[in-house]
Every structure is written in structure tokens, then in C-alpha cells.
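Inspection log for the structure reproduced underneath, given as C-alpha cells.
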There are 2 protein chains.
Amino acid sequence: MEQPAYHHGNLRRVMLDAALQAIGESGPTGWSLRELARRAGVSHTAPAHHFGDKTGLLTAVAAEGFDLFAAALEAAGGDFLDVGVAYVRFAVRHRSHFQVMFRPELYRPADPAVAPARARAAAILSRGGRALSPDPARDRVATVAAWSMAHGFADLWLSGALADAAEIDPETYARELTTLAFGHLHHSKA
Amino acid sequence: MEQPAYHHGNLRRVMLDAALQAIGESGPTGWSLRELARRAGVSHTAPAHHFGDKTGLLTAVAAEGFDLFAAALEAAGGDFLDVGVAYVRFAVRHRSHFQVMFRPELYRPADPAVAPARARAAAILSRGGRALSPDPARDRVATVAAWSMAHGFADLWLSGALADAAEIDPETYARELTTLAFGHLHHSKA
DNA sequence: GCGTTATCTTTCCAGTGGAAACTTTCCACT
DNA sequence: AGTGGAAAGTTTCCACTGGAAAGATAACGC
């Protein structure tokens, strides 16, 4: 027994995990569908049944990513500083998802599994921005400013551009950055 | 006359330009070497002589990118706000270069044509950070904060994540963001 | 002139993503 | 219980890719 059943039974999840690992090893395009299928012990066309094509697999990664992302931001609570830190933490802990999510040419952003989750995340981010500025004309700018900083730090960190600072914990670092830049206009518990 | 000479005479530059255009159209990995060669009217192995392989071509793009980048930052002068705006301007105007430069798994970061130019750019950025904080213990944090914001805004902009704000000029927007976040600790003309 | 060298071509190969047609298993319904 | 799909996988096929190898052509130093 234990010999592979005709129906894998779990192929979708296994392929997703294999893709996440491959992305972590060699970037979001540095691998082949056939090799993932081989690792999963399945023929190279089997995944097509679950994802359609390679883009479909990446679309599934992005969809799962935005889901997890929205959940992580929600769990961070209402404080904008915590949201920023959660943003960075997500990028570091789910780097494979993250590296696909913000590269829309790799997948189908309009896919019904992607768009709503992305919108959910965006809503939380802009809610966080409102905490930074009571002036509605400004909170959009504040939102984009904070979002940009969290995103840029995460991206630079993941790409290794901040390698000389690699000894310190990214989340702690992110908190410092955010405080430095936004602490002065953070009217806490508003 | 005008018929293609055996020696193209200019292949290196033509291939680089073709690559930049292809990257602009479909991302840093959404094209094939063979198609670029076809566009250049040359056999599919001709480029190998100039770049070695596909990674070599991307390495050349990154090298040129960091050169232009360092020059652009230098030209921005000493004011950190101007450096930040120059950062964003470079990303928007040289988006193909930019999209390769910070994705080191796509090329050979240690290549002698890349590393010095990148170091040059990094030096200017950290000089800009010092203008933000006279305290040497803090200027590193300030540098990374400003760098993160400029980088994140550029990346989000290029990826289309800020699409709802697309009507406004990115450089102007970048200036607003930077002022909001760092204006309070900017001791101008220090 | 003439040999060397840089540049480009042709030919070849293994590997890729995907389409098509087929097989095996599962499941719902009489 | 038996059967008719539907779901999940397989094998086979094709055009295309990146790269290696070996040969052709032009340019340049001497």
C-alpha cells in the first residue's frame, strides 16, 4: 500500500505549496510547472485541471495571499502603527505570496478569487490612514505615505538591498521607521 | 543598399533597447531572447556574443540602470526632498531599468559592471539621510525610512496599485508624501 | 597583403507550456 | 446494485525556448 493512488486527492494544495516553495527558492518565475508536477509525483498536465495554466496557478497564489493579507491586517487592530508592522510581518513570513501579489503582470488581477480579497486589504489600509489625519483632504496622502513606507521597506528587505542592516529584526525596525516618520502626527486613541 | 550588413555594428545597444521595451510591455521576464533577436533582425544566438546569456542581458540592464540612477540622484543636489523626488522620477521614467535593478535573482548582482554603480547610488542615499537627522545614531534609521517611502511609492505606482490616484503627477505626489512624513525633522539648509 | 579575432549564422538538443484525446476513479440517482 | 456522467489523471503531440557547438564572414593590426 502507500502506492500513489490514481486520484491524488490533494493535488491543488500540494501544487500550491510546491509553488510557494519554488518561488521562495528562485523567485516568482524561476521555476517550471513540469518540475512542480514531478515533485508532486504527478504528470505534468495534471495541474492544468486545477489551475488551467501556469498563470492560473500564480493567480491562485495571489488570491490566497490577499486573503491571508487581509486577515493579518484585520487582526492587527485599529492602530495604524500596528497595521504597518503587520504589513511588514506578512511580507517577511509569506514572502512568496507577497512577491506575486504586487506583480499583477504575473497573474490575472481581475479574477473573482483575487479582486475582493485585494479590495478588503485596501479598505483596511485606508482606514489606518484616517487615524493619521483628521483632515479628510489629507488622510488620503497620509494613507499612501504610510502604505508606501511599509511596502518599500518590505520590498527592499526581501530583495536584500538592506542587507547591511540584516542583523536586526525587521518588525522592530519597521516600528522604528514608522514612529520616526509618523509619530508626530499620530493622535493616539482618537 | 540599406540591406543588413553581416556585422550589425550596433547590436549591443539595439538589444538593450529591445529588452527595455519588452520589459516595459510585459515585465522583466515576459519575453524571449529569440524574439528580441528577431526584432533586431539577427539570428537568435547573436546576442550571446555580447551578453553571454539571458541573465547577462539582464545584468547589463541592471548595470546601466544603476549608472543612470546614481547620476540622477547626484544631479538632484544635496536636499533630501529633491533626492526622494528624483528617486521616484527615475523609477517612472526608467521603469524597465528599475524593475530589474531591485530584483537581484534576475541578474548577477556581483558583476563588476553592477556592484560599483549600485554602491555609488547607495552612498548618495545615505548622505541624504544625514540631512534628516544630525544624530548619527538616528540617521541610519532616517535614511532607511526615506528610502523605503520613495521606493515603496515608486513600486506601488509602477505596479498600478495606486491606480485610483493615477490622475495626479507622481513626482508632485511624492513631494507631498515626503513633506508630510519628514517635513517636521527637516532642518533645511543645514 | 595576411593571419587573427570579433561578430554573426546554422544546426542541434533538452526542456517548457499547453492542446487533444484517452483512462481511471468517484459519486449521484434510479 | 448498476450505470452514466463528471472529476481527476495520463499519454502523446506540437511549437517554442535558452543554450552549446561548429562554421562562415567581415574587420583590423601588422
Side-chain angles (χ1 to χ4, degrees), chain A residues 1-23 25-62 100 103-108 111 113, chain B residues 1-23 25-62 100 103-108 111 113:
Chain A
M1 6 265 85
E2 277 294 353
Q3 53 195 351
Y6 189 94
H7 281 100
H8 186 290
N10 204 17
L11 224 211
R12 198 189 142 86
R13 174 88 326 247
V14 167
M15 283 296 295
L16 272 172
D17 289 339
L20 292 170
Q21 187 181 341
I23 292 167
E25 288 165 2
S26 36
T29 58
W31 44 271
S32 81
L33 217 37
R34 282 168 114 106
E35 184 182 327
L36 296 196
R38 262 183 309 245
R39 288 196 206 174
V42 109
S43 86
H44 78 278
T45 48
H49 203 281
H50 294 273
F51 303 103
D53 55 9
K54 194 177 187 180
T55 299
L57 174 53
L58 285 166
T59 300
V61 168
V100 173
R103 213 115 281 130
E105 81 273 12
L106 296 180
Y107 61 97
R108 283 181 280 268
D111 189 280
Chain B
M1 11 263 85
E2 277 295 353
Q3 53 195 352
Y6 189 93
H7 280 97
H8 187 289
N10 205 16
L11 223 210
R12 196 189 143 85
R13 172 88 322 248
V14 167
M15 282 298 294
L16 273 172
D17 289 339
L20 292 171
Q21 188 182 340
I23 292 167
E25 287 165 3
S26 37
T29 58
W31 43 272
S32 80
L33 217 36
R34 281 167 115 109
E35 186 183 326
L36 297 196
R38 261 181 311 240
R39 287 195 207 176
V42 108
S43 87
H44 80 275
T45 49
H49 202 281
H50 294 273
F51 303 103
D53 56 8
K54 195 177 186 180
T55 300
L57 174 52
L58 285 166
T59 300
V61 168
V100 174
R103 211 119 279 128
E105 80 273 11
L106 296 180
Y107 61 97
R108 283 180 281 268
D111 188 281

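Numbered from 1 within each chain, the chains take letters A, B, ... in sequence-line order.
Distances shown here put every side-chain N or O of A:His49 at or beyond 4.0 Å from the OP1 or OP2 atom of D:dA7. The side chain of A:Arg38 places an N or O atom within less than 4.0 Å of a non-bridging phosphate oxygen (OP1 or OP2) of C:dT16.
Base pairing analysis places D:dA7 opposite C:dT24; the two distances defining the Watson-Crick or G-U wobble pair are each below 3.5 Å. Pair assignment for C:dT30 gives D:dA1, based on Watson-Crick or G-U wobble hydrogen-bonding distances that are each under 3.5 Å.
Between the CG atom of B:Leu58 and the P atom of D:dG18 there is a distance of 11 Å, rounded to whole Å. A:Glu35 has its CD atom 21 Å from the P atom of D:dT17, to the nearest Å. Between the CZ atom of A:Arg12 and the C1' atom of D:dG9 there is a distance of 17 Å, rounded to whole Å. C:dG18 atom P lies 10 Å from atom CZ of A:Arg34, rounded to whole Å. Per the geometry, NE2 belonging to A:His50 stands 16 Å off P belonging to C:dG18, to the nearest Å. The CZ atom of B:Arg39 sits 12 Å away from the P atom of D:dT17 (whole-angstrom rounding). Rounded to whole angstrom, the span from the CG atom of A:Asn10 across to the C1' atom of D:dG9 amounts to 15 Å. Summarising the geometry, the separation between CG on B:Leu106 and P on D:dG18 is reported as 14 Å, rounded to the nearest angstrom.
Closest of all the heavy-atom pairs between B:Ser32 and B:Arg38 is OG-NH2, 4.4 Å. For the pair A:Met15 and A:Pro47, the tightest heavy-atom approach, listed with the atom from each and the gap, is CE-CG, 3.4 Å. Across all non-hydrogen atoms, the minimal contact from B:Thr55 to B:Tyr107 is CG2-CA, 3.8 Å.
In the set C:dC8, D:dT10, C:dG17, C:dG17 carries the atom at the smallest distance from any side-chain atom of A:Ser32. Comparing C:dG18, C:dC12, D:dT11 by their closest approach to the side chain of A:Leu33 singles out C:dG18. Taking only side-chain atoms of B:Thr45, from C-beta outward, the nucleotide of D:dA21, C:dC8, C:dA19 with the closest atom is D:dA21. Considering only side-chain atoms of B:Lys54, the nucleotide from D:dA7, D:dG19, C:dG17 that sits closest is D:dG19.
B:His44 comes within 4.0 angstrom of a nucleotide base, judged by non-hydrogen atoms across all strands.
Nearest-nucleotide mapping onto DNA chain D: of A:Val42 and B:Asp53, the residue sitting toward the 5' end is A:Val42.
Without hydrogens or angle criteria, B:Thr59 side chain to B:Arg108 main chain gives a donor-acceptor distance under 3.5 Å.
A distance of 10.0 Å separates CG of A:Leu36 from CG of A:Leu16, quoted to the nearest 0.5 Å.
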